[in-house]
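To keep things clear, I will list the structure first and then write my remarks on it.
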Amino acid sequence: MTGQTTIAPSQDVRSDVDSLRRVWALAGLQRGKGLRGKVLRGILYRFFQSLSLGLAFGAMIWVVIDLAAGQVLDWARIGQVCAIVAVSLIGQTVFSYLSAMNAWLASFELASDLRLAILDHLRRLPMGFHLARHKGDTVTVLTSDMQMLESFLSDALPRIAQAFGLPVIVLGYLAWRDWPVALAALVSIALGLPLFAWTSRRLALLGIRRQDTQAEAGARMIEYVQGMAVIRAFNRLAKGEESFRAALADFRDISVRMVMQLTLPLVLFGAVVSLGVPLVMLAAGARNLDGAIDTGTLVTALVLVFSLYSPLLALISVMELTRMADASLTRIDRIMTAQSPPLPVSPKEPQGFAVRFENAGFSYVAGKPVLTDMSFAVPERTMTAVVGPSGSGKSTVLNLLARFWDVDEGRITIGGVDIREMSEERLNSLITVVFQDVFLFTGTVFDNIAFARPGATQAEVEDAAKAACAHDFIMLLPQGYQTRIDEGGGNLSGGERQRISIARAILKGAPIVLLDEATAAIDPTNERAVQQALTSLVAAKTLIVVAHKLGTIRAADQILVVGEGRIAESGSHDALMAAGGRYSNLWNARARSESWRIEGHSSNLATRAH
Amino acid sequence: MSLAEASLAETTESLTPEAAQGPDYLAPLRLMRGHLGDSSARLAFAIGLATLGVFAELVPVWAVYRLVAAAVAGTLDWPLVTTHAAIAALGVIVGFAAMGLALGQSHLVAFDVIHRVRLAAARHMARLPLGYFAERPSGDAKKQVVDEPEKLEAIVAHGLPEGVSSVATWLAVSIWLFAVDWRMALAAIVLTPVSFVLLGIGMKRGGTYATAYQRANARMNAAIVEYLAGMPVVKVFNRTRDSFAETSAAARAYADIETRWARAYLPLGGAFYMLVIANIVVILPVGLMLVKAGTLDLPTLLLFVILGANYSQPLLKLFNQFHGLAHIAMGSSAVTDLLAQEPQADSGRRVILRNHDVAFEKVRFGYGQNDVLHGVGFLARTGEVTALVGPSGSGKSTIAALVARFRDVREGNVSIGGVDVRDMAIDQLMETVAFVFQDTFLFSDTIAANIRFGNPDASDDQVRAAAEAARAHDFIMALDHGYDTPLGEQGRTLSGGERQRIAIARAILKDAPVIVLDEATAFADPDNEAAIQDAIAALTKGRTLIVVAHRLHTIMAADQILCIDRGHVAERGRHRQLLEQNGLYARLWEDYLHARNTPLRPANAATITQEAV
Ligand SMILES: Nc1ncnc2c1ncn2[C@@H]1O[C@H](COP(=O)(O)OP(=O)(O)OP(=O)(O)O)[C@@H](O)[C@H]1O
Ligand SMILES: Nc1ncnc2c1ncn2[C@@H]1O[C@H](COP(=O)(O)OP(=O)(O)OP(=O)(O)O)[C@@H](O)[C@H]1O
Ligand SMILES: [Mg+2]
Ligand SMILES: [Mg+2]
């Protein structure tokens with residue numbers, strides 16, 4: 001499968017401490033919300049819960065030692081034990097509740113904030129960023145990866161705290177009673193932890209690969225259903241060539257690999273740690289038989305040994321969560337650390353709406369310049385037609401003007417100000433675009449048009465729709481303007497979609513209008529009407545049009561012929577025709593093309609258009 | 001997007017817990033069973049091993065208890081210590097080995113099952129009527145194929161082996177404990193049922209939010225997919241912070257439902273985890289009282305202290321996996337529902353076609369309640385070009401889609417070579433029809449792979465020939481990696497005209513007897529358009545060509561022009577005849593000429609001072 005994201009593992013893998021630090025930083029993202037405090041409390045309370053449980057064990061040891069020494073119980077003692085145990089139970093209940101509440105709610109809040117922050121960040125990133133990665137991948141970051149992070153904060157982190165609570169007390173207690181036994185107890189932990197760290201690292205590598213694979217599979221599935229009609233039409237399923245198969249198989253394989261590679265180290269870790277039990281048995285038994293410790297201490301050590309290791313073993317299941325979350329964090333950071341174009345420190349105000357390209361150079365892919373030395377000027381309130389063969393860079397010119405990308409060389413100005421020195425909002429308010437690719441959102445027809453101007457009234461939206469010749473068909477829809485549009489406008493015809501996008505652009509009412517083959521999907525009758533509407537609309541605007549229509553081109557104040565990444569020719573229609581260059585060739589090609597027809601072979605009609 | 005009201009309505013709706021019916025907790029098991037394939041023996045083996053593992057893990061507990069008992073009785077000696085340490089070590093090793101092996105196996109089974117479920121779901125999608133997808137966000141598919149099956153891992157890889165083994169062990173040990181001292185046994189297990197009841201209540205309370213949760217999740221998914229897909233529009237039309245109101249509202253609603261769920265579930269469900277391991281707080285007081293009463297000896301008390309505190313641990317491990325059970329169950333139900341969707345009827349019959357005439361007879365069809373086509377009838381003959389023209393929204397693309405059975409007619413019939421398309425195997429139909437869609441859709445694969453989509457077995461030369469015919473070869477060769485250049489998602493890294501030409505090459509390569517072109521050259525520049533049209537014209541021989549076009553000059557010489565108006569064939573005939581009728585077609589033609597020649601703006605007063613920089 002091509003197009004798969006390859007990643008440099010060395011950059012993506014970090015130590016557990018680094019990841020914790022990163023989570024910590026993210027938790028501090030929304031200052032003043034006290035998320036960090038909540039997370040901390042979640043951990044702390046869980047530790048306390050563990051300590052409360054330890055209290056019961058303490059009470060147990062307290063009596064057992066005396067019992068082992070042959071003392072007789074009195075009721076007062078039993079009462080005290082009962083009291084301690086009651087406190088322990090209450091402590092556990094309260095702290096476990098508080099811990100869960102803090103950790104869970106904090107994790108939900110954090111994830112929600114982070115999601116919003118990422119969404120906001122995404123919108124500022126250049127289009128190049130979006131095109132370079134699969135949409136499905138980004139969706140996965142915002143959904144699955146965030147859930148991983150949530151689980152880490154709500155579940156894993158507190159469990160880690162819990163895992164260390166009891167063992168620390170037990171070890172401390174053992175050390176106090178007899179340090180050689182404590183040392184023996186420590187051996188297996190000391191041997192186990194490096195194994196744990198090593199496994200964890202390994203898991204980190206695989207984890208991120210696995211999540212990338214999962215994202216890839218998700219992306220494939222989205223593409224699969226979006227392209228279902230094409231897949232059907234080309235009968236790919238019957239031939240067993242499903243594009244998603246490889247992605248799904250990859251996903252299974254990497255999952256299997258992960259389990260295969262991790263089971264052994266994890267089992268080893270568990271076994272090594274647990275072998276501490278026989279070791280403590282030996283050590284404590286030997287010390288007791290040597291007379292170094294009394295029976296009470298022996299019994300305590302033996303009774304406590306499981307409380308020492310069990311919580312640590314629980315780390316095994318936490319590890320997977322932790323590393324997955326870490327992989328997610330890395331994937332989140334790929335977005336969060338992407339640079340959005342710098343905002344100007346002191347935004348400048350354009351004087352008028354004249355547009356100039358000054359020696360603009362640009363390439364989508366380094367080394368493959370699309371525009372090399374593009375210079376032209378569009379005076380305020382004039383119309384410029386951009387013509388040129390398919391792929392020559394016409395849409396690119398508009399993309400640059402809307403600042404979807406920034407030029408590599410030269411500059412673009414509006415009203416004398418470099419568009420990079422304008423505030424985002426200002427530039428945006430100046431420009432309206434009808435894209436070559438129509439895009440509509442799920443939502444009502446009204447919402448889709450009003451998207452251009454939040455708060456637009458019904459009347460304003462209707463006026464725009466009327467100008468775009470969309471009003472009539474909208475009124476015929478089941479719920480008129482309140483009809484819901486399916487994803488991507490799937491329940492409208494091609495021309496209907498295009499007219500809604502024109503209405504949207506009209507409603508915006510910006511002084512600079514960019515039209516990229518805006519009427520390609522509209523029938524002649526509607527096209528004529530739309531053109532008339534645009535005519536009145538754009539009378540006072542600066543207009544840049546990519547078009548094939550002869551009329552439009554001819555009437556332009558200026559025609560720019562794009563070729564070889566620059567303006568090959570420019571001037572009015574008559575001047576260019578007279579020059580007899582590229583434009584006149586293009587024009588003649590057009591004339592030829594318009595007399596062309598799809599000819600049936602049974603036909604002996606060889607009509608050429610006038 | 002100003003979807004404020006809509007999303008508000010949705011929010012409140014989705015936040016009401018579904019009181020009536022909670023999640024179906026058995027759905028994951030049923031889904032698993034249906035896709036276990038030949039793995040059931042392996043799964044049983046894993047469960048058996050896991051049970052062995054859990055038993056073995058309890059061996060050290062027993063060994064320790066024996067030492068404690070000996071120590072208290074004063075009978076401790078070195079051989080006793082070493083043998084028991086050895087037994088404990090053996091228990092540890094066997095226990096972990098068995099458990100590791102068991103989990104390894106169960107994971108393999110799980111990933112296989114998940115893979116099978118995924119393939120089944122994805123394949124099933126391909127058999128559904130296309131209308132199914134129109135109404136659903138494409139993010140759903142990702143959820144149902146990738147995310148939801150993934151959740152089965154918790155059940156198959158962990159839930160079953162760990163669950164069965166820990167319950168079996170727990171029962172066995174409980175019986176043993178009862179045999180030793182029933183009063184202490186009671187004290188040791190009393191918290192377990194209590195905690196389970198709490199968990200049950202907690203899950204039930206949380207479960208009422210499962211539907212709402214699922215819905216909020218789906219909504220967020222869809223909103224995010226769209227937000228990203230519409231990025232250029234978001235950027236140009238709405239750069240302010242609430243430009244993604246719907247998306248952020250969806251994200252907030254999701255966080256909200258999570259919080260509500262947690263609040264409902266936590267007080268009781270959370271207590272479970274605490275209580276299951278807290279039984280020492282019962283064992284100790286009860287034990288001390290019994291000791292005081294003289295009916296319990298110290299070693300037995302210690303047995304319960306040691307064992308009691310430990311033997312519920314496996315249960316905890318099990319239920320750690322389960323606090324998301326409601327979500328897992330909902331996910332499985334969603335997949336099951338998808339698999340239960342009625343596929344598009346397929347006769348599976350391969351029939352011999354006399355010719356490839358496409359005939360519509362009194363075809364009625366509509367997407368929703370209202371009909372879009374009202375009795376369309378025509379015959380598109382083999383070897384001829386049939387053109388569909390008409391106002392936008394009149395039903396041209398719809399007619400085209402019916403030829404390939406992307407939808408099924410409501411009344412009347414569509415036939416190819418005299419055979420109703422519904423009586424033909426879908427495979428055969430798809431082999432018969434090639435399609436260039438109004439909306440170009442390319443896959444994020446290489447250019448060659450995209451063209452080869454038309455015919456997977458095509459040689460490189462054939463691919464190249466198709467590209468040349470579609471006038472795509474030159475620009476492809478100018479790309480860095482030529483035919484091996486990977487395309488971005490949906491071919492977005494190509495210009496509009498370039499994309500369209502790839503789609504045409506794809507259809508040309510397919511070399512099918514019926515070719516449907518829906519505005520195939522709308523974005524082609526005139527040069528290319530002429531060349532492409534030539535290539536298509538060359539294709540016509542012996543084929544049936546159905547062409548939808550707004551650029552009327554491209555279909556002037558068609559053998560038959562059908563003028564579609566509001567779902568009827570309003571006029572039919574050749575260009576000349578139709579012009580003479582002076583009806584709809586004549587009007588379209590006039591508008592066409594007019595639009596071609598109308599300036600977008602009357603000659604402007606402002607002249608361009610040649611300030612070319
Ligand atoms: N995102 C991108 N990444 C890489 N290359 C791109 C990208 N977008 C466009 N290109 C390439 O840049 C060139 C110019 O594309 P552009 O879309 O500007 O052409 P155009 O003149 O608008 O063509 P058309 O008339 O077909 O729409 C094309 O060769 C195209 O393949
Ligand atoms: N999936 C759908 N669900 C509901 N209505 C639909 C759907 N697709 C199309 N329609 C409606 O059916 C009618 C016919 O649509 P169709 O796409 O066939 O038009 P068309 O003639 O191809 O128009 P255009 O020239 O604009 O492409 C339109 O009114 C459209 O709104
Ligand atoms: Mg373009
Ligand atoms: Mg159409």
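Everything numeric in this text was worked out from a predicted model, so none of it was measured. Quick note on labels: first sequence line is chain A, next is B, and so on, each numbered from 1.
- Most heavy-atom pairs under 4.5 Å with chain B, from the set A:P278, A:A56, A:G495: that is A:P278.
- The part of A:V259 that comes within reach of chain B is its side chain, from C-beta onward, which places non-hydrogen atoms under 4.5 angstrom from that chain.
- If you measure heavy-atom distances from B:S392 to chain A, the contacts under 4.5 Å come from both the backbone and the side chain.
- The contact between B:L298 and chain A is made entirely by side chain atoms (from C-beta outward), counting heavy-atom distances below 4.5 Å.
- With a 4.5 angstrom heavy-atom cutoff, A:L298 touches chain B only via side-chain atoms.
- Only the side chain of A:V81 comes within contact range of chain B, with at least one heavy atom under 4.5 Å from a heavy atom of that chain.
- Each of A:Y97, A:Y364, A:W75 has some count of heavy-atom pairs under 4.5 Å with chain B, and the biggest count is that of A:W75.
- Contacts with chain A were tallied for B:V72, B:T493, B:T259; B:T259 has the most, counting heavy-atom pairs under 4.5 Å.
- Contact of A:A111 with chain B is not made at all, since no heavy-atom distance falls under 4.5 Å.
- The distance from atom CZ of B:R118 to atom CZ of A:R252, rounded to the nearest 0.5 Å, is 10.5 Å.
- The parts of B:T82 that come within reach of chain A are both its backbone and its side chain, each placing non-hydrogen atoms under 4.5 angstrom from that chain.
- In this structure, the portions of A:S274 lying under 4.5 Å from any heavy atom of chain B include both its backbone and its side chain.
- Ranked by heavy-atom pairs under 4.5 Å with chain B, the first of A:G270, A:A286, A:S395 is A:G270.
- Both the backbone and the side chain of A:Q92 come within less than 4.5 Å of a heavy atom of chain B.
- Chosen from A:S255, A:S88, A:C82, the residue pairing most often with chain B at heavy-atom distances under 4.5 Å is A:S255.
- The parts of A:V433 that come within reach of chain B are both its backbone and its side chain, each placing non-hydrogen atoms under 4.5 angstrom from that chain.
- When all heavy atoms of B:V92 and A:A271 are compared, the closest pair comes out as CG1-O, 3.7 Å.
- Nearest heavy-atom pair, A:W104 versus B:A262, reported as atom, atom and distance to 0.1 Å: CE3-CB, 3.7 Å.
- Of all the heavy atoms in B:V61 and A:F306, the pair that sits closest is CA-CZ, 3.4 Å.
- Here the straight-line distance linking atom CG of B:L288 with atom CG of A:L73 works out to 5.5 Å at 0.5 Å rounding.
- Within the 4.5 angstrom heavy-atom criterion, only side-chain atoms of A:M260, from C-beta onward, approach chain B.
- Of the listed residues B:P285, B:A97, B:A86, B:A255, the one with more heavy-atom pairs under 4.5 angstrom with chain A than any other is B:P285.
- When each of A:L275, A:L248, A:V299, A:T93 is checked for heavy-atom pairs under 4.5 Å with chain B, A:L248 comes out on top.
- With a threshold of 4.5 angstrom between heavy atoms, A:L53 approaches chain B through side-chain atoms but not through N, CA, C or O.
- Of all non-hydrogen atoms in B:V81 and A:M281, the two that sit nearest each other are CG1-O, 3.7 Å.
- Interface check for chain A: of the options B:V281, B:L552, B:L302, the most heavy-atom pairs under 4.5 Å are formed by B:V281.
- Contact of A:V63 with chain B is made through the side chain alone, with heavy-atom distances under 4.5 Å.
- Highest contact tally toward chain B, considering only A:T263, A:L282, A:L89, A:T295, is held by A:L282 [criterion: heavy-atom pairs under 4.5 Å].
- For chain A, the option among B:F406, B:F437, B:F435, B:Y367 with the highest count of heavy-atom pairs below 4.5 Å is B:F437.
- Using a 4.5 Å cut-off between heavy atoms, A:L302 touches chain B through backbone and side chain atoms alike.
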